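Since the structure comes first, as structure tokens, the remarks are kept for the end.
A quick note: this is a predicted structure, and the numbers were derived from the prediction, not measured. Below, chains carry the letters A, B, ... as their sequence lines are ordered, and counting in each starts from 1.
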Amino acid sequence: MSENIRIQLPDGSVREVAKGSTPLDVANSISPRLAAAVVVARIRPLSEATPGEAAETEAKSAQTEEAMYAGDDPQGERLVDLRAPIQEDVALELLKENDAASLRVVRHSAAHVMATAILELFPETKLGHGPATDNGFFYDVYRETPFTEADLAAIEQRMADVVKRDEPFVRVEEAREEGLAEYAAQGEFMKVHFIERFTKPGDEISLYKNGNFTDFCRGPHVPSTGRVKAFKVMSIAGAYWLGKEDNQQLQRIYGTAFFSQKELEAHFKHLEEIKARDHRVLGKQLDLFSIQEVAGAGLIFWHPKGGLIRKAMEDWMRDECLRRGYSMVFTPHIMKRELWNISGHEAVYAENMYPPMELDDAEYRLKPMNCPGHILIYKSTPKSYRDLPQRYAELGNVYRYERSGTMHGLLRVRGFTQDDAHIFCTRDQINSEIEACLDFAEAVLKTFGFKEYRVELSTHQPGNPDFIGTAEEWAQAEGALKNVLDSRGLSYQTFPGEAAFYGPKIDVKLVDVLGRLWQLSTVQFDFKLPQRFELEYVGEDGERHQPVMVHRALFGSVERFFGVLIEHYAGSFPMWLAPVQVGIVPISNEKHVAYAETVKQRLEAAGLRVELDATNGKMQGKIRDFGLQKVPFILILGDKESQTDSVSVRVRGGGDQGSRTVEEFLSLATTLVNEHAMEL
RNA sequence: GCUGAUGUAGCUCAGUGGUAGAGCACUCCCUUGGUAAGGGAGAGGUCAUGGGUUCAAGCCCCAUCAUCAGCUCCA
């Protein structure tokens, strides 16, 4: 008895096909060319009332194991193989290669192709999991001996063979216990773990086979290995089994795949672009900063040009703090161990701190945070409710021990400068203060040219002793932060267990020009340190009360912010930040240096940062040098200019702009500086 | 901290056991020019550090340090 089901296509048309037909059948019935182009299908059952938009949460968590293996909501839409029989009325989308979901599928299939190749070449290897990632895919494997570069090349070659064989990916269902037994017999301990974790006794588990290779996998996959047309084995790195440091280490082999060689090449070009923006590379090329082996890892030397940029950043920050009612304070770099006992850092933060140093009869420690210092200032005199809020700001140098191997240019260091502030206020003032902090954070992002950002709320993990304080206190603090976010209408994600040990926090992560996310600003609520230090103020009622604290850093770390700025601008800083704003090139040293000197002086008198190249060389070379240094304006000065009190202007990225009088140029340049203009 | 790779001139890199190389940058000389590289000469290296193997080590072995790609952690 043949039963029919209804297939609704994206254009709204409905087809009746025999129950058990596959997406490929449907594609073939439309056109053979479509059937050849389609990669995977997305279906949504029509029978039940289906939620309109359900797919929102998927992207973010796609890399977690749960998301990789847990079944989709059967009511919602899901991706299926082209050969998966359809058993009910569905809305069907046939996804071709241009669909983002297809790319993930082909990458996942590429991971299987790689695993196939690995097992053919190195049969002793045990498989972990092999998901698609944002940029490609990886497969975690376990093997006693490490893979070498040559092994990777061999794997890549063998993958080409597997692709050439064009083996169909076949989905097979089998009893869970059967699968478990087989994998256990083969010593595939990781597969056994995954099956036990992601399926229940009595379940059918799904396996995907291509040729002789079988993998426990949820799918879907492209129809056959031949569809994995452009791929590359990229690199190898260690990864802990299940992400836990005390577990054994696996070898994670990274690769990437695309539908065409052209896209693969474009991807490598994109990687080149990212590399060209790398702040470590630009920091060297533009002579902004260095890290010196002889001084120690993770410690930054700011060179003169980086120093000028830092000064511009800090000047803006200090002015803005004063304008917003902060006081500037300064606290010592080392303080007695006793202080860190009181603050609780000794108890929960010691492993991130430099070891104590003995001085006279006391032990001192380098500060990893500025809060205790600011607290001591607060405590130094009695406070009345009339004094609150007290907002203490400091560009404080802190030192934290970071494990070797974690450092990364300016972005992850051992010594850095926090634009740190602590606000001591009454409970009534919490909302307005946190709100003001968020407003300040937005001003920072806007001023420095970032248009997009994300807000994250980090809360504690109940029962975890690393978080000091009672459940009530945490509930109150987390409630306060949520209130502010909600009342400001900000959308945010919540991360349980990510709070600082003394209180919950709001993090603002910015999105740079390449769409990358950076953790910078943080606003943290703290009820605990005021208790530990027994802070008080005298209220209107004449009684003693305890203030609460807000910790806030907006650059986060001046070093990290600088690193992000370098990459965001690719070293082409806007006028107000550029270390050299104007480069002057005399056409002939003999004839034009004198005039060039006078122009330089006039520009400098107006506060501009000017460099005159009077070295022996041709003007073309000097223009090139300033160009490579990404100087915003280059002025060419020759006979014509000296006779008319003018300058010939070249603008970064725009070439020759013709002549202006010195006055005209001066007013243009100073306006760009004063307005913090992003464009030249 | 862990896995893998790397460390040679200021920078980018070549150099597979037998007297350390290139380009750029630098110094000097010639050249004095019209919008992204004129020409010539010179100087510059404890081959990351410390051990070891060898008649002989930049090269092979061990350890340490640093860097890179990740894991873990984080501002």
Side-chain angles (χ1 to χ4, degrees), chain A residues 133 138 140 146-149 151-152 234-254 275 278 280-281 284-285 287 290-298 351-352 368-369 396 398 400-420 498 500 505 507-509 518-522 524 551 553-561 563-564 585-593 615-629 634-641 648-652 654-659:
Chain A
T133 65
F138 63 79
D140 278 346
F147 290 104
T148 63
E149 295 284 323
D151 293 339
L152 296 191
M234 303 285 288
S235 62
I236 185 163
Y240 298 106
W241 168 231
L242 299 178
K244 289 202 191 73
E245 229 175 304
D246 30 335
N247 280 347
Q248 68 205 101
Q249 190 140 22
L250 310 174
Q251 302 190 64
R252 175 169 294 181
I253 305 177
Y254 282 90
K275 210 179 155 195
D278 190 314
R280 294 164 300 183
V281 175
K284 214 169 242 173
Q285 281 170 4
D287 198 14
S290 63
I291 298 165
Q292 316 241 3
E293 188 172 344
V294 68
E351 63 177 26
N352 296 298
M369 294 189 193
V398 296
R400 297 182 186 174
Y401 172 72
E402 296 288 348
R403 298 195 295 178
S404 68
T406 59
M407 264 80 74
H408 183 89
L410 292 171
L411 303 180
R412 186 74 185 276
V413 297
R414 282 181 174 161
F416 59 101
T417 310
Q418 282 185 307
D419 64 317
D420 206 1
E498 297 294 313
K505 60 178 181 173
D507 289 327
V508 179
K509 298 196 171 180
W518 300 97
Q519 154 78 66
L520 296 158
S521 305
T522 178
Q524 311 186 349
H551 307 239
L554 303 180
F555 290 149
S557 132
V558 176
E559 284 76 3
R560 178 178 285 184
F561 196 84
V564 174
V585 176
I587 288 179
S588 156
N589 277 359
E590 287 176 2
K591 290 193 273 178
H592 308 125
V593 167
T615 60
N616 187 3
K618 288 190 76 160
M619 59 170 291
Q620 283 84 347
K622 296 180 183 182
I623 290 171
R624 180 169 187 271
D625 290 343
F626 280 129
L628 290 175
Q629 286 298 302
I634 302 171
L635 305 182
I636 318 295
L637 305 185
D639 286 339
K640 239 190 300 178
E641 288 73 23
S648 176
V649 180
R650 273 186 75 96
V651 66
R652 184 177 61 205
D656 190 355
Q657 304 291 300
S659 301

Q | Close side-chain approach of A:Phe555 and A:Thr417, heavy atoms under 4.5 Å | A | no
Q: Could you check if a side-chain atom of A:Glu641 sits within less than 4.5 angstrom of a side-chain atom of A:Ile636, using non-hydrogen atoms only?
A: no
Q. What nucleotide, of B:U3, B:U12, B:U32, holds the atom closest to the side chain of A:Lys284?
A. B:U12
(Q) Does the structure show a Watson-Crick or G-U wobble partner for B:A66, both distances under 3.5 Å? Name it, or say none. (A) B:U6
Q | Nucleotide B:U8, atom P - distance to CD of A:Glu293 in whole Å | A | 10 Å
Q: Round to a whole Å and report the spacing from CD of A:Gln519 to P of B:C73.
A: 15 Å
Q. Using a cut-off of 4.0 Å on non-hydrogen atoms, how would the nucleic acid contact of A:Met407 be classed: base, sugar-phosphate, or nothing?
A. sugar-phosphate
**Q.** Proximal nucleotide (of B:A5, B:C68, B:U32) relative to the A:Glu149 side chain
**A.** B:A5
Q) In whole Å, what is the span from the CD1 atom of A:Ile587 to the P atom of B:G38? A) 15 Å
Q) Hey, is the side chain of A:Arg400 pairing donor to acceptor with the base of B:C73 inside 3.5 Å? A) no
Q: Among B:G33, B:A69, B:U67, find the nucleotide with the atom closest to the side chain of A:Arg280.
A: B:A69
Q. Does the A:Gln629 side chain pair with the main chain of A:Gln285, one donor and one acceptor, at a distance under 3.5 Å?
A. yes
Q | Side chain of A:Ala239 - closest among B:A75, B:A37, B:C71 | A | B:C71
(Q) Just the rounded figure in Å: distance from P of B:A75 to CZ of A:Phe561. (A) 17 Å
Q | Per A:Ala297 side chain, nearest of listed nucleotides B:U12, B:U67, B:A36 | A | B:U67
Q) Quick one: does A:Val508's side chain get under 4.5 Å of A:Thr522's, heavy atoms only? A) no
Q: Look through every strand shown and name the nucleotide pairing with B:U46 as Watson-Crick or G-U wobble, where both distances are under 3.5 Å.
A: none
Q | Between B:A20 and B:U12 - P atom distance, rounded Å | A | 24 Å
Q: Starting from C1' on B:G34, measure out to NZ on A:Lys640 and report it in whole angstrom.
A: 7 Å
Q. So, does A:Glu559 use its side chain to make a donor-acceptor pair with the main chain of A:Val413 at under 3.5 Å?
A. no
Q: Identify, between A:Asn352 and A:Met619, the residue whose nearest nucleotide on RNA chain B lies closer to the 5' end.
A: A:Met619
Q.
Please determine whether a side-chain nitrogen or oxygen atom of A:Lys622 lies at a distance below 4.0 Å from atom OP1 or OP2 of B:A37.
A. no
Q.
Taking B:A9 as the reference, what is the distance to B:A5 when you measure between their P atoms (whole Å, please)?
A. 22 Å
Q) Between A:Pro146 and A:Ile636, which has a closest nucleotide on RNA chain B that is more 5'? A) A:Pro146
Q) Taking the side chain from A:Asp625 and the backbone from A:Lys622, do they hold a donor-acceptor pair closer than 3.5 Å? A) no
Q. From B:A75, B:G38, B:C71, pick the nucleotide closest to the side chain of A:Lys618?
A. B:G38
Q: Can you figure out which of B:C11, B:U35, B:U72 approaches the side chain of A:Asp656 most closely?
A: B:U35
Q | Under-4.0 Å side-chain N/O to phosphate OP1/OP2 contact, A:His408 with B:A69 | A | yes
(Q) With a 3.5 Å cut-off and heavy atoms only, can you find an N or O donor on one side and an acceptor on the other between the side chain of A:Arg403 and the base of B:U72? (A) yes
Q: Can you tell me, in whole Å, how much space there is between the P of B:C24 and that of B:C59?
A: 29 Å
(Q) Of the options B:G4, B:C71, B:U35, whose atoms approach the side-chain atoms of A:Ile623 most closely? (A) B:U35
Q. Taking all atoms of both residues into account, what is the closest heavy-atom pair of A:Asn589 and A:Thr615, and its distance?
A. ND2-O, 2.9 Å
Q) Donor-acceptor pair under 3.5 Å: do we get one between A:Gln524's side chain and the base of B:A75? A) no
Q | Validation row: A:Phe626, A:Arg652 side chains within 4.5 angstrom (heavy atoms) | A | no
Q: Identify whether any heavy atom of A:Val413 sits under 4.0 Å from a base atom; if not, whether one sits that close to sugar-phosphate; answer base, sugar-phosphate or nothing.
A: base
Q: Please answer whether the main-chain N or O of A:Gly556 pairs with a side-chain N or O of A:Asp419 as donor and acceptor at a distance below 3.5 Å.
A: yes
Q. Could you state the CD-P distance from A:Glu498 to B:A75, rounded to the nearest angstrom?
A. 9 Å
Q: With heavy atoms under 4.0 Å as the rule, sort A:Asp639 into base, sugar-phosphate or nothing.
A: base
Q. Does any nucleotide pair with B:U72 by Watson-Crick or G-U wobble geometry, both distances under 3.5 Å, and what is it?
A. none
**Q.** Base-pairing mate for B:U19 - Watson-Crick or G-U, with both contacts under 3.5 Å
**A.** none
Q. Reckon A:Arg650 touches a base, only the sugar-phosphate, or nothing at all at heavy-atom distances under 4.0 Å?
A. base
Q: Specify the separation, in whole Å, of atom CD1 of A:Ile634 and atom P of B:A36.
A: 9 Å
Q. Does CD in A:Gln292 sit with more than 12 non-hydrogen atoms of other residues, nucleotides or ligands closer than 6.0 Å?
A. yes
Q | Whole-angstrom distance between B:A36 and B:G17, as gauged at atom P | A | 47 Å
Q: Check whether the aromatic ring of A:Tyr254 stacks on the base of B:G70, taking stacking as ring centres less than 5.5 Å apart and planes within 30° of each other.
A: no
Q) Now, which nucleotide makes the Watson-Crick or G-U wobble pair with B:G33, with each of the two distances under 3.5 Å? A) none
Q.
Should the side chain of A:Glu641 and the base of B:G34 be counted as holding a donor-acceptor pair, with the cut-off at 3.5 Å?
A. yes
(Q) Under 4.0 Å, counting only non-hydrogen atoms across every strand here, what does A:Lys505 touch: a base, just sugar-phosphate, or nothing? (A) sugar-phosphate
Q: With heavy atoms under 4.0 Å as the rule, sort A:Glu590 into base, sugar-phosphate or nothing.
A: base
Q) Considering every strand shown, what is the Watson-Crick or G-U wobble mate of B:A41 when both distances are under 3.5 Å? A) B:U27
Q. P atom, B:U53 versus B:C71: distance in rounded Å?
A. 41 Å
Q: Determine the contact category for A:Asp507: base if any of its heavy atoms lies under 4.0 Å from a base atom, sugar-phosphate if only primed atoms, P, OP1 or OP2 are that close, otherwise nothing.
A: nothing
Q: Quick one: label A:Glu402 by what it contacts on the DNA or RNA (base, sugar-phosphate, nothing), any heavy atom closer than 4.0 Å.
A: base
Q) A:Thr406 has a side chain; which of B:A75, B:U72, B:U12 sits nearest to it? A) B:U72
Q | Paired nucleotide for B:U54 [Watson-Crick or G-U wobble; both distances under 3.5 Å] | A | none
Q.
Using the C1' atom as the point on both nucleotides, what is the distance between B:C61 and B:U16, in whole Å?
A. 16 Å
(Q) Say we look at B:U35 and B:C11: how far apart would their P atoms be, to the nearest angstrom? (A) 34 Å
Q. Reckon A:Gly655 touches a base, only the sugar-phosphate, or nothing at all at heavy-atom distances under 4.0 Å?
A. nothing
Q) Whole Å only: how far is the CG atom of A:Asn589 from the P atom of B:C30? A) 14 Å
Q. In whole Å, what separates the C1' atom of B:A57 from that of B:U3?
A. 29 Å
